[in-house]
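What follows is a single structure, written as structure tokens, with notes after it.
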Amino acid sequence: MPKTLHLTLTFHWWKEIAEGIKTCEYRRFCEGWRKRLNGLQRGDLVVFHRGYTMRTLTRQIESIRIIDGWKLPNDVYKFFGCPNESQFFEIQFR
């Protein structure tokens with residue numbers, strides 16, 4: 001049985017996923033996120049919540065990897081405050 005990761009997003013990011021524009025979600029590499037993502041694998045589910053409403057989207061995880069801040073897409077890079085030397089979890093989904 002697949003595991004499920006729940007993520008709460010603002011309307012902007014939720015809408016981009018709903019429209020198929022965004023296919024990756026990013027989280028800072030830290031102990032808290034490492035624990036939450038530990039054990040998740042391809043085929044597990046990620047449920048995106050539109051704020052704290054009942055509206056959700058469910059996608060299947062393709063991969064989870066660690067990337068440098070330099071490799072973030074421009075809009076995400078700016079959202080995180082241009083974190084060049086930081087590392088991030090990249091959660092790819094379909």
Side-chain angles (χ1 to χ4, degrees):
M1 183 164 174
K3 295 180 183 179
T4 303
L5 172 67
H6 292 268
L7 298 175
T8 302
L9 304 175
T10 61
F11 175 75
H12 169 78
W13 300 115
W14 190 89
K15 183 179 176 195
E16 285 201 355
I17 292 170
E19 293 174 351
I21 298 168
K22 186 173 183 192
T23 59
C24 293
E25 179 61 19
Y26 301 91
R27 293 292 189 250
R28 286 193 187 273
F29 184 82
C30 66
E31 186 64 20
W33 282 110
R34 188 188 65 74
K35 287 180 182 177
R36 285 186 71 188
L37 299 175
N38 187 33
L40 290 173
Q41 57 190 356
R42 183 184 179 116
D44 287 339
L45 302 176
V46 58
V47 177
F48 297 104
H49 297 264
R50 182 177 153 187
Y52 293 95
T53 68
M54 298 297 288
R55 299 199 61 190
T56 61
L57 297 169
T58 302
R59 300 290 186 264
Q60 203 169 35
I61 295 174
E62 281 290 313
S63 67
I64 298 175
R65 64 185 186 134
I66 298 170
I67 63 168
D68 293 326
W70 293 104
K71 296 181 181 173
L72 290 171
N74 284 339
D75 54 344
V76 177
Y77 180 81
K78 291 175 186 171
F79 177 80
F80 281 111
C82 306
N84 299 334
E85 287 77 30
S86 299
Q87 289 187 315
F88 292 83
F89 287 106
E90 178 186 64
I91 306 164
Q92 294 182 339
F93 51 87
R94 57 181 156 117

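- With Glu90 as the fixed residue, the side-chain contact (heavy atoms from CB on, under 4.5 Å) test singles out one of Ile67, Val76, Leu72: Ile67.
- Taking every heavy atom of both residues into account, Gln92 and Cys24 meet most closely at CG-SG, 3.3 Å.
- Of all the heavy atoms in Pro2 and Gly43, the pair that sits closest is CB-O, 3.8 Å.
- Interatomic distance, NE2 of His12 versus NZ of Lys15, reported as 9.5 Å (0.5 Å rounding).
- Nearest approach of Trp14 to Phe48, heavy atoms of both residues: NE1-O, 3.3 Å.
- When every heavy atom of Arg36 is checked against every heavy atom of Leu7, the shortest pair comes out as NH2-CD2, 4.3 Å.
- Among residues two or more places apart in sequence or in another chain, the salt bridge (Lys or Arg N to Asp or Glu O under 4.0 Å) test is passed with Arg28 by none.
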> Hey, mind stepping through Ile91 and Leu40 against side chain to side chain contact (heavy atoms under 4.5 Å, CB included) and telling me if it holds?
Replying inline: CA-CA 10 Å; Ile91 306 164; Leu40 290 173; over 6 Å; no
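- One distance of note links CD of Gln87 with NZ of Lys71; it measures 10.0 Å at 0.5 Å rounding.
- If you take CZ on Arg59 and CG on Leu5, they are separated by 14.0 Å, rounding to the nearest 0.5 Å.
- Electrostatic pairing of Glu25 and Lys22 counts as a salt bridge here, judged by a charged N lying under 4.0 Å from a carboxylate O.
- Pairs passing the side-chain hydrogen bond (donor to acceptor under 3.5 Å, both in side chains) check and including a residue from residues 44-56, sequence neighbours excluded, read His6-His49.
- Here the straight-line distance linking atom CG of Asp68 with atom CZ of Phe29 works out to 11.0 Å at 0.5 Å rounding.
- In terms of hydrophobic clustering, with Ile, Leu, Val, Met, Phe, Trp and Tyr side chains grouped at heavy-atom distances under 4.5 Å, Ile17 and Phe11 are assigned to different clusters.
- Here the straight-line distance linking atom CZ of Phe93 with atom OG1 of Thr23 works out to 6.0 Å at 0.5 Å rounding.
- Smallest separation of non-hydrogen atoms from Ile61 and Leu45: CD1-O, 4.1 Å.
- Taking the salt bridge (Lys or Arg N to Asp or Glu O under 4.0 Å) definition, one finds that Arg34 meets it with Glu31, sequence neighbours left out.
- Under the 4.5 Å side-chain heavy-atom criterion for ILVMFWY residues, no single connected hydrophobic cluster contains both Leu9 and Val47.
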